[in-house]
Amino acid sequence: MVEKRAGRTACKILQNRQIADGIFEIVLQWPKILHRPIAGQFVNLYCSHKGRLLPRPISVCEIDEDKLHLVYAVLGKGTAEFTTFQAGGLIDLLGPFGNGFSLEGKPGRALLVSGGVGTPPMVELAKQLKARGWELDVVCGFRSQSYLVEQLSRYGTVHIATDSGTEGFSGNVIELLDHEALSGDTLFACGPGPMLKGVQTWAKAKGIPAQLSLEERMGCGFGACVGCVTKIITDNESGFIYKKVCKDGPVFPAAEVLFQ
Amino acid sequence: MVEKRAGRTACKILQNRQIADGIFEIVLQWPKILHRPIAGQFVNLYCSHKGRLLPRPISVCEIDEDKLHLVYAVLGKGTAEFTTFQAGGLIDLLGPFGNGFSLEGKPGRALLVSGGVGTPPMVELAKQLKARGWELDVVCGFRSQSYLVEQLSRYGTVHIATDSGTEGFSGNVIELLDHEALSGDTLFACGPGPMLKGVQTWAKAKGIPAQLSLEERMGCGFGACVGCVTKIITDNESGFIYKKVCKDGPVFPAAEVLFQ
Amino acid sequence: MKLAVNIAGVELKNPVMTASGTFGSGRDFEPWIDLNRLGCVVVKGVAATPWAGNPPPRIVETWGGMINSVGLQNPGVEYFIAEDIPWLRQFDTRICVNIVGRTVSEYVAVAERLAGEDVDLLELNISCPNIKEGGVAFGVQAEAAAAVTSAVKKVARQPLIVKLSPNVSDITEIARAVEGAGADGISLINTLLGSRIDIWKRKFILSMKHGGLSGPAIKPIAVRMVWQVAQAVKLPVIGMGGIMTGEDAIEFILAGATAIAVGTASLLNPEATMQVLEGVESYMRETGVEDIADLVGIVK
Amino acid sequence: MKLAVNIAGVELKNPVMTASGTFGSGRDFEPWIDLNRLGCVVVKGVAATPWAGNPPPRIVETWGGMINSVGLQNPGVEYFIAEDIPWLRQFDTRICVNIVGRTVSEYVAVAERLAGEDVDLLELNISCPNIKEGGVAFGVQAEAAAAVTSAVKKVARQPLIVKLSPNVSDITEIARAVEGAGADGISLINTLLGSRIDIWKRKFILSMKHGGLSGPAIKPIAVRMVWQVAQAVKLPVIGMGGIMTGEDAIEFILAGATAIAVGTASLLNPEATMQVLEGVESYMRETGVEDIADLVGIVK
Ligand SMILES: Cc1cc2nc3c(=O)[nH]c(=O)nc-3n(C[C@H](O)[C@H](O)[C@H](O)COP(=O)(O)OP(=O)(O)OC[C@H]3O[C@@H](n4cnc5c(N)ncnc54)[C@H](O)[C@@H]3O)c2cc1C
Ligand SMILES: Cc1cc2nc3c(=O)[nH]c(=O)nc-3n(C[C@H](O)[C@H](O)[C@H](O)COP(=O)(O)OP(=O)(O)OC[C@H]3O[C@@H](n4cnc5c(N)ncnc54)[C@H](O)[C@@H]3O)c2cc1C
Ligand SMILES: Cc1cc2nc3c(=O)[nH]c(=O)nc-3n(C[C@H](O)[C@H](O)[C@H](O)COP(=O)(O)O)c2cc1C
Ligand SMILES: Cc1cc2nc3c(=O)[nH]c(=O)nc-3n(C[C@H](O)[C@H](O)[C@H](O)COP(=O)(O)O)c2cc1C
Ligand code: FES
Ligand code: FES
C-alpha cells in the first residue's frame, strides 16, 4: 500500500508580488495535509479561468516551516492570470511532485547553474546543500535583469550573466563558467533546453557529474497521461526510451538525457 | 443611425444577500454609460466560470438614481455561482434589453400578477404605475415563502398565495384572483409558463387587456441568434410565427401569445 | 500595413467576416459597432421561401460553447432583397448571402433570385445540422455536395463559397468534391452535432434533441480541418469555429484561412468582431507583418 | 440502492470505469483513491510489442479540454501480463485491457496472448487518432471496423468491447458494423482530431501536428453519439467524453450508457472517479432511484 496523499487543495495566498520584469513571487500557506516538498520538486497550480484546465507546474523555490515560495515568469495566459491573484485569496494546488535533486554523496564543492526561471529551484537546493556542508558557486543567466540573487548569496557565491550585459557578465552561463574557470565535484542545472544541452556538454568535458532539471508540457503532473516525456539514452534500437519528466524527473542525470 | 450603446461592462456589486430560501438580491452600481432601464426590461449577467459563457437574463427589479436592484433565484450552476460574488467585486453586464411593459393609457385600476421569480419585475412596474396615478392590486404566488412584499406594498395592495399555504392564500394566483374577486382595467403578469397561460385565459374571460412577460433560454439577449423565440398568433398557415423574447418581448400582449 | 484580402476576386478590406446566423443582417449590432469596419457581413441563412424554424428551446449552454437548433428560421429571399440588401448597402462592407435549402432546386432558386441583386458573395450552407429535411446530408456525402455545388454554380452570378460540415470522416474528400464541382471558395467549419440532457427532467433540453455545437470548445477541431482543407485544395478558405480573439483568428490564418469569421463570440459580446480585428492588427504590428497575405497558410 | 451493472456478462460493482490512457494501470492513482471502489479499471492501450510513442510535445491545452498525441506509448503485452495484471488483481475491481495495433494481426496477437490471462474484458481501440500507422483507419470505415472486430473476436476469450472514433460521418453505421461482426459491447467516444498552432513560433504545438481532443469541451458530441448508438444497436454501451461530475455521468446513462468512463477529469484531479461515483449515488438518492439500470437509456 502506498502512502495516501491529499488531493487538490485550495491554498491561501500570503503574498503575490512582482520581483522583476514579468517575474512574480507568490508565497503560499503550506497546508499540513500536504507532503513537505524537497528541492527540485514542483507543484501544480491551477487557473480560475475554467477554459484553462491543465496544471501549471511551478518549481519549489523555497520552503519555510509552513510557507511555500514560488517564483514564476509571465509566459502565457495562465501565468498572466496568476498575477491577478490577491494575497488573502486561494489558489488550487496539487503536489508536490517529481523526484527532486539527489543530495547524496560526500560534501564538496557544488556548481549550481541556472537560466531564467530555472533559477527559483536553486534557492531551496542551495539552502539544503549548504546545510549538508557543501561549498557553492551559483551561476545564473538572465536575459537582462537578475532576481533571487540576495536569497542565493546566503548560501554561496553568486555569479551573474546577462544576455544584454546589463548586469554581471555579458554572455551565457557556459561562457561565464569558462570565463571564471569555475569547477566543482558535482553540478546541478535548471533552465531552458539549449542551456541544459550546453551544460551537459560542458560538464562531460570537465568530467563533472551533473543533474539536469527538465521542463515539458504536462497533462497531469503525476505520471498518468504519459504526456511529459523526454528522451533518455538507452541501449536499444532507437538509442532512447521516453521517460516522464513529471515522475521519473524532472531531475535526470545529465549523462542520461538525449537532447536533439 | 441608431444610438450607440456601451458594451459589456463590469459593474460594481454593492450588495448581494439572501432574501428568502434560494432567493438573492444583488444591488449594482449603475454605470452612467449604460442606458437607464425601464420596467419589464432585463439585463444579461455573465458568469466568471469560463465554461459558462451564455448570458443569464435577469429582470430589472428596481432602479434607483444610480443603483440597479435585481432579484434572482438559484436555479442552476450559473445563479449558484452568482451567490458567491461579494460586495465590492465586479460582475459583467450587458443591457438593458427588451421592450419593457407598456404604461400607456389613462390611469385606472391595474392588476399585477406574478409567480415566483416573476415577482421582481413587478416592483419597478408598480412604482412607475403608481407614479402615473394607477391604483394597484399586486397578486403574487410563491411556493412557500414570499419576498419583495414590503417593497410592493409601497405602491399597492399586495395579495399573497403560496402553494404550501404557509403564507397568505393557499393555492395559485388564479384561484386567489377569483377568491378575492379582484378585477381591473389592465393586467400585467410575469411568471412561469403554466401560470401565464392561466392568466391569459382568466384575463380573456374577464375581458381585461393583459401584458405577459415571457422567459426563454437565450443565446445573446439582443436579437442576434434567434434562439429565444415564442409562438405569436398570426393569420398564416400554421397559425403562428416565432418572435424573439429578447427583442420583440419579453412583454407581449396576452392575446397574441400562443401557449401549447 | 495591408489588411485587405481577396476571396475569389472579391476584395475585403480586412479578413474579418461575420459567421452566418450569429449576426442577423447586422442590424442588432449597429448600436455597438461600426459596420463599415467589417471585411464582410455574412448574413443569416436565406431560403427561397420563409422558414418558421424549430420550436424552442433552441439554445443550450455547454462547457466553452453552446448548442443551437434555430432551424434556419428566416423570412425568405424576397424579404431579404427588399429589406436587408438596401440596409446593408449603407455601409462600406461586403455582403455575403448564406443560402439554405432542403433540395437542390431550393438552393438553386435562391441563387437564381440573387443573380441580379447587389450582393458580393454567396455561401452555400450544405452543413446545417438543424433541419430534418436534409441540408446536412449534402454536407456529409461527397457526391451530394458536388451535385448541389455544380447546380448552384450554373445559375450563380456571384462567386460561390461552399460551407462544409465538420461532421464527416474526411473533410478533404468533401472539399475536393466541391472544388471539382466549381466552388470558388470554401468556408468551414459549421457546427458539430451535439446534445444535452436535463437530468432532472430526464429529457433533451433542445426541442429537436440535437443541435449545432459552436464556440471556443470546437476551435481545435476547426483549426485542424482548416489546415487539412487548405492543404487539399487550391481554393481560398474562410476559417471559423470558436474564434474569440485576434490571436485565435491568426491561428486560423496561419493554418491556411484567407479570411476568418466570428460567430458565437458576437453573441457573447456584440463588439467581438472589432476586438478580433484590433487583435489581428496588433499581432501584425508586434511581429512586423506588412501584409496579412504573408501569414496565410505558412504553417505546414 | 443497486449500483452494479452488467456489461456483456461481466458484473461491475458500479458503472464507473476509467478511460483508457488516462489512468495508466492505476498505480499513479493509488495515493489518492481506493481502487476497490472502481467498477472497472480500463488500462492504457496495450500492443503486441513495446511502442515508443510520439516525440514531445504531446500535450496542449484548449478551451475546456486538451489535445494529446501520446501515440500509445506502452511497454507491450508481455510486460503488462507480468507486471500489471498481478498488481491490479490486488484490488476487487474489474480489469479491461485496451488493445491497440497497427494491423489486424497485431490486434489479434494481443487478444490471443491475453486469452489465458486473468482479465475480465477486452476493449478494441480502433479509434486512436495519434498514430500514423492507421489505428484510426479501422475506426472510420465500417468494413475495416467489422474486419478487425471479427478477427479479434475469433481468438478472444473475454467479452470484446469495441471503442469507436467520433471522427466519422455516421457513428451508427460503424456501431452496427461492429455489432454485426460479433462485438459484445461498444464504448465511445475516443478523442476528436484537433490541433493548435503557436502563433508566436508559427508552428504546431504538438510534434505530430494533430492530436486527440478530450475533456468537457467534447461532452455534447459524446452524449449525442452515445444516444445515437444506443438507439442503433442492442449491445451495451460504455459512454465517455468530458465526464467531470456525477451529473455528467447521469447524462450519459440517461442517453443509453450502461457504464461510463472518466478520462481527462482524472488527469485534472486524481480523485475524479470517486467524485463521479459519489455524484451518481447522490443523484440516485435525491431522485429515489433504486437501481441504476432503471436510468439506462430512458431518454428517447
Ligand atoms: C517541472 C517544471 C517546473 C517549472 N517551474 C517553473 C518555475 O519555477 N517558474 C516558472 O516561471 N516556470 C516554471 N515552469 C514553466 C511553467 O510551467 C510554464 O511557464 C507555465 O506552465 C506556462 O503557463 P502559461 O499558462 O502562462 O502559458 P501558456 O503557453 O498559455 O500555457 C498553455 C499550456 O502549456 C503549458 N506550458 C506552456 N509553456 C510551458 C513550459 N515551458 N513548461 C511546461 N508547460 C508549459 C502550460 O502549463 C499550459 O498547460 C516549470 C515547468 C516544469 C515542467
Ligand atoms: C427575460 C428574462 C428575465 C428573467 N428574469 C429573472 C429574474 O428577475 N430573476 C430570476 O431569478 N430569474 C430570471 N430569469 C430566469 C433566469 O434567467 C434563469 O433562472 C437563469 O438564467 C438560470 O441560470 P443558471 O445558470 O442558474 O441555470 P442553468 O440551468 O445552469 O443554466 C444553463 C443555461 O440555461 C439558461 N436557462 C436556464 N433556465 C432558464 C430560464 N428559466 N430562463 C432563461 N434561461 C434559462 C441559462 O441562462 C444558461 O444559459 C429571467 C429569464 C428571462 C428570459
Ligand atoms: C445561433 C447560430 C445560428 C447559426 N446559423 C447559421 C446559418 O444560418 N447558416 C450557416 O451556414 N451557419 C450557421 N451557424 C454556424 C456559424 O456560422 C458557424 O459556422 C459556427 O457557429 C462556428 O463558428 P463559431 O464557433 O465562431 O460560432 C449558426 C451558428 C449559431 C451559433
Ligand atoms: C492522455 C490520453 C491518452 C489516451 N490514451 C488512450 C488509449 O491508449 N486508448 C484509448 O482507447 N483511448 C485513449 N484515450 C482516450 C480516452 O480513453 C477517452 O476516450 C477520451 O479521452 C474521451 O474521454 P475524456 O473526455 O473523459 O477524456 C486517451 C486520452 C487521453 C487524454
Ligand atoms: S504530466 Fe502526465 S505523465 Fe507527466
Ligand atoms: S437571445 Fe438571441 S435572439 Fe433572443
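Quick note on labels: first sequence line is chain A, next is B, and so on, each numbered from 1.
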Heavy-atom pairs under 4.5 Å with chain B, option from [options] with the top count:
| options | result |
| --- | --- |
| C:Glu61, C:Arg27, C:Glu271 | C:Glu61 |
| C:Gly64, C:Gly26, C:Gly53 | C:Gly64 |
| C:Ala217, C:Pro55, C:Gly21 | C:Pro55 |

Should [X] and [Y] count as an ion pair when the cut-off is N to O under 4.0 Å?
| X | Y | result |
| --- | --- | --- |
| B:Arg52 | B:Glu81 | yes |
| C:Glu30 | B:Lys4 | no |
| B:Lys243 | B:Glu256 | no |
| C:Lys203 | C:Asp198 | no |
| B:Lys32 | B:Asp66 | no |
| C:Asp120 | C:Arg94 | yes |

[X] portion near chain B, given a 4.5 angstrom heavy-atom threshold:
| X | result |
| --- | --- |
| C:Gln73 | side chain |
| C:Ile33 | backbone |
| C:Thr62 | backbone |
| C:Thr264 | neither |
| C:Pro216 | side chain |

Do you see a donor-acceptor pair shorter than 3.5 Å between the side chains of C:Asn125 and C:Asn190?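 There is such a pair between these side chains.
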Report yes if the distance between the aromatic ring centroids of B:Trp30 and B:His69 is under 6.0 Å, otherwise no.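 B:Trp30 vs B:His69: aromatic centres not under 6.0 Å.
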Under 4.5 Å heavy-atom distance to chain C, tell me which part of B:Lys77 shows up: side chain, backbone, both or neither.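 Neither part.
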Region of B:Ile241 in contact with chain C, defined by heavy-atom distances below 4.5 Å: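 Contact with chain C involves no heavy atom of B:Ile241 at all.
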Residue, of B:Lys231, B:Arg56, B:Met218, that accumulates the most heavy atom pairs under 4.5 Å with chain C: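 It is B:Arg56.
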